[in-house]
Amino acid sequence: MPSPIEESKQQMLEAMRLNADLMATSTTVSVGIQAASSTAHTMNGAAAAGGEVAKTTGNDIRQSAKSS
């Protein structure tokens with residue numbers, strides 16, 4: 001039967017291992033969230049840029065029609 005000190009050491013080692021696993025999982029999740037957020041910002045930016053191109057093109061067509 002292990003001594004109380006040995007049991008305490010084993011418990012501390014197990015807590016350290018679990019903490020390291022938790023930190024690794026947390027980092028992985030955080031990176032995934034950041035990537036998804038970056039993708040959403042990129043998509044929103046592309047949509048906004050597309051809307052501006054459509055407005056400009058529409059204005060150009062209207063101006064051409066008025067000139068004709």
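Every heavy atom of this structure was used, including side-chain atoms; hydrogens, water molecules and symmetry mates were not. Every value quoted in this text rests on a predicted model; they were computed, and no experiment measured them.
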Sorted by chain and residue number, the side chain to side chain contact (heavy atoms under 4.5 Å, CB included) partners of Glu14 (sequence neighbours excluded) come out as Arg17, Leu18
What residues, two or more places apart in sequence or in another chain, satisfy side chain to side chain contact (heavy atoms under 4.5 Å, CB included) together with Leu22?
none
Donor-acceptor list for residues 25-36 side chains, cut-off 3.5 Å, not counting sequence neighbours:
unit_1: Thr25; atom_1: OG1; unit_2: Asp21; atom_2: O; d: 3.0
unit_1: Thr27; atom_1: OG1; unit_2: Met23; atom_2: O; d: 2.9
unit_1: Thr28; atom_1: OG1; unit_2: Ala24; atom_2: O; d: 3.0

